[in-house]
Number of protein chains: 2
Amino acid sequence: MVTIVDIAKKAGVSKSTVSRVLSGKGSCKQVTKDKVLVTAKELNYRPNRLAQAMITKKTGIIGLIIYRKHMPVIAHPFYGPILDVIATETKKADYSLLMMADNEVGFCPSDCFFQYRVDGLILLSRVPAELVGEIQQAGRPFVLINNTAIIEDANYIVNDDYLGAYDATMYLLNKGYRKIAYISGPLEHRSYRLRWQGFQDALTYKGHEIQPHHHYIGDLGLETGMAGVYHFLQKDSRPDAIFASNDMMAIGALKILHSLQINVPEDLAVMGFDDIEFAKWMTPALTTVRVDKKAMGRVAVKKLLDILNGKTVKNDRVVLAPKIIFRQST
Amino acid sequence: MVTIVDIAKKAGVSKSTVSRVLSGKGSCKQVTKDKVLVTAKELNYRPNRLAQAMITKKTGIIGLIIYRKHMPVIAHPFYGPILDVIATETKKADYSLLMMADNEVGFCPSDCFFQYRVDGLILLSRVPAELVGEIQQAGRPFVLINNTAIIEDANYIVNDDYLGAYDATMYLLNKGYRKIAYISGPLEHRSYRLRWQGFQDALTYKGHEIQPHHHYIGDLGLETGMAGVYHFLQKDSRPDAIFASNDMMAIGALKILHSLQINVPEDLAVMGFDDIEFAKWMTPALTTVRVDKKAMGRVAVKKLLDILNGKTVKNDRVVLAPKIIFRQST
DNA sequence: TTGAAAGCGCTACCAT
DNA sequence: ATGGTAGCGCTTTCAA
């Protein structure tokens, strides 16, 4: 590999000069500059960023940690689009992205990143509080996206899950649905706890009560949606609407309902949450609460970049407003 | 940050000894070893992999280039799952992944990777021949996945697109469909060229001819599927089956057909290609040709790792066998 | 078994 | 405007 010494030799200058020209710092004669630049190009020189990083203490790399239990990790219908804008936005700012799925064993992920001396970190979804502690202690800038645990003294971007669920329930109620069943994800998740709460509060506010058998708790997948429908249908009083706490569940519900020849929305309405890409492709297209995934990624990168660029950024949380997307399933 | 010098001081040994203990190379007394190890842990030492890489010439990083025109790049329904297994498999081997979408402007992507001195590269989908040339010239190991251009002297993993299309057409023919329309992606793409060829050859083999208006060429998206259907329906002789050259198009076709109240598969059958995740969630669930995306990622990583581990690997191409997945749309 | 010294490719400081 | 030199944190000879 070509080094600045090679350039220096060929151009007949010192390596300090080469470095200065290439980095654009310091002054020098135009002639020297040109000579160096030309030789560098001739030699097809590529700076060694590792060597640079050792001195400047800046690698130009941003680390990305994704909760491993989300399977698939990268092609995840919810997190995928977020990763996408993170990749785009970081590249615009000339940063590279080092990816890593959170490994349950030990705290390997942070280890890995620290070893590469990443400039900053973006953490998605669930992240063990200890890991965040380590990162804080190491003094590395980081931003949390949609974090499950509430962590103090940190920048984080979340969706207003409570509001989304509240509004969606109100919408359902206003549309005349009275027996709304609810399918929930695990309540340990901040998002699912808040969604469930929003749903209940809206019901209460309107003077309704949730029917005894009209709620079902499962995991985050399609199967939970299916199981939920079966659960509701077993009982005498059938719901007239189902509010699934994420789109995957809603899609599962839609599938089952179709095979049971129960018409949506005529016989039973279905509402989702997240607005993953396929929501609009379902038949019927899924009415859902849109979480602004692009904004999540964009804001996260912007915050991190601001910190890296030395702008004074005080830790705060950004709560994104959700929006109901009206389609055909309600 | 703690360095080996800090450990050396505290443990009362030289930094060479620390290095030797930590890297496990060379011998030393058990006592010294323990002392160093304990101090390292006490100090919460994290090796600086950049410094290590400068000497060993091994960064432990694998670069990943994705064709930028695929939008979304990461959450892509076809490439997403491939990225996923790449991430998983590389991590298992203790490599990190540096991601980069191919940037049309110049050859920035390779630049970026070379600057970080990645150990090897995985290139997905379209990659400019010049870029590959650069990489080859630089002597960096690399593997191509589903490459559009045919590149000599390279390891690459592709799907047998010709065979998939041929088989699928045969299946359609055997099921009794006679007027099969075909929706194609751009024929510059190796995959789409081969699929189109496979379709035609199967038809010819069975003594059928493609109807004049029964093929439509568009881009890779949903909209092409929709446009294709409209195109076919304008004409007098309506097809009894549509073979879309990818699932996104097939899904688009399904949507339109549904809104036109044309029953699938009773009035018109629809066959896709790729078997993206959502194919099975459609109503009706989509019959399609499965491309083994996991195998693509797995094989690519294995090949690259073999090269990196010094196993003699001669350049060859792996052609993965596709498989028809029978579902409800045919 | 251990330590001293050289050097990876670069930047940054101090001379000139 | 330019060159010499030190040093980033590490591995790797080579001596002791």
Side-chain angles (χ1 to χ4, degrees), chain A residues 1-40 43-61 111-119 138-140, chain B residues 1-37 39-40 43-61 111-119 138 140:
Chain A
M1 281 261 120
V2 185
T3 72
I4 52 169
V5 177
D6 299 317
I7 302 178
K9 273 187 197 147
K10 188 156 187 217
V13 295
S14 77
K15 68 170 184 173
S16 325
T17 305
V18 175
S19 172
R20 238 177 291 118
V21 171
L22 261 24
S23 67
K25 291 174 188 168
S27 50
C28 67
K29 270 200 301 195
Q30 189 61 38
V31 197
T32 327
K33 196 170 174 178
D34 293 344
K35 199 164 47 183
V36 170
L37 256 20
V38 168
T39 338
L43 261 30
N44 195 21
Y45 167 75
R46 299 183 206 267
N48 184 331
R49 293 205 65 163
L50 307 178
Q52 293 178 327
M54 289 211 53
I55 301 177
T56 60
K57 307 291 179 201
K58 296 206 176 307
T59 51
I61 301 177
D111 259 11
C112 163
F113 286 127
F114 289 139
Q115 289 180 6
Y116 285 111
R117 305 298 194 257
V118 298
D119 292 337
R140 282 270 183 291
Chain B
M1 280 258 123
V2 184
T3 72
I4 53 169
V5 177
D6 298 319
I7 302 177
K9 275 187 196 149
K10 187 154 185 216
V13 295
S14 78
K15 67 172 183 173
S16 328
T17 305
V18 175
S19 172
R20 237 176 289 117
V21 172
L22 260 24
S23 68
K25 290 172 187 169
S27 52
C28 67
K29 271 200 302 196
Q30 188 62 40
V31 199
T32 327
K33 195 170 174 179
D34 293 345
K35 200 163 48 182
V36 169
L37 256 20
T39 343
L43 261 29
N44 194 25
Y45 168 74
R46 300 185 207 264
N48 183 332
R49 293 204 66 164
L50 307 179
Q52 291 179 328
M54 290 211 54
I55 301 177
T56 60
K57 307 290 179 201
K58 294 205 177 309
T59 51
I61 302 179
D111 258 12
C112 163
F113 285 128
F114 288 140
Q115 290 179 6
Y116 285 112
R117 303 299 193 257
V118 296
D119 292 337
R140 282 270 183 289

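Each chain gets a letter, A, B and so on, in the order the sequences are listed, and its residues count up from 1. Being a predicted model, the structure only gives us computed values, none of them experimental.
Rounding to the nearest 0.5 angstrom, the gap separating the CD atom in A:Q115 from the CD atom in B:Q52 is 7.0 Å.
Taking atom CD1 of A:I7 as the reference point, atom C1' of D:dG3 lies 17 Å away to the nearest angstrom. Atom pair A:K29:NZ and D:dG3:P shows a separation of 10 Å (rounding to whole Å applied). In this structure, B:Q30 atom CD and C:dT2 atom P are separated by 11 Å, rounded to whole Å.
A sub-4.0 Å separation between OP1 or OP2 of C:dT2 and a side-chain N or O of B:T17 is absent. Phosphate proximity of C:dT1 to B:S27: present, with a side-chain N or O under 4.0 Å from OP1 or OP2.
Not one N or O on the side chain of A:D34 forms a donor-acceptor pair closer than 3.5 Å with the backbone of A:V31. With B:Y116 contributing its side chain and B:I61 its backbone, the two residues share no donor-acceptor pair below 3.5 Å. Distance alone, capped at 3.5 Å, places no donor-acceptor pair between the B:D119 side chain and the B:K58 backbone.
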When every nucleotide of nucleotides 6-16 of chain D is labelled 5' to 3' by its protein contacts under 4.0 Å (heavy atoms), B for base, S for sugar-phosphate only, - for none, what sequence of letters results?
BBBBBBB----

Before giving the answer on side-chain hydrogen bond (donor to acceptor under 3.5 Å, both in side chains), spell out for B:S19 and B:S16 the whole-Å C-alpha distance, their side-chain angles and the decisive distance to 0.1 Å.
CA-CA 5 Å; B:S19 172; B:S16 328; over 6 Å; no

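Put simply, the residue from B:T39, B:V13, B:T32, B:L37 that forms a side chain to side chain contact (heavy atoms under 4.5 Å, CB included) with B:V18 is B:V13.
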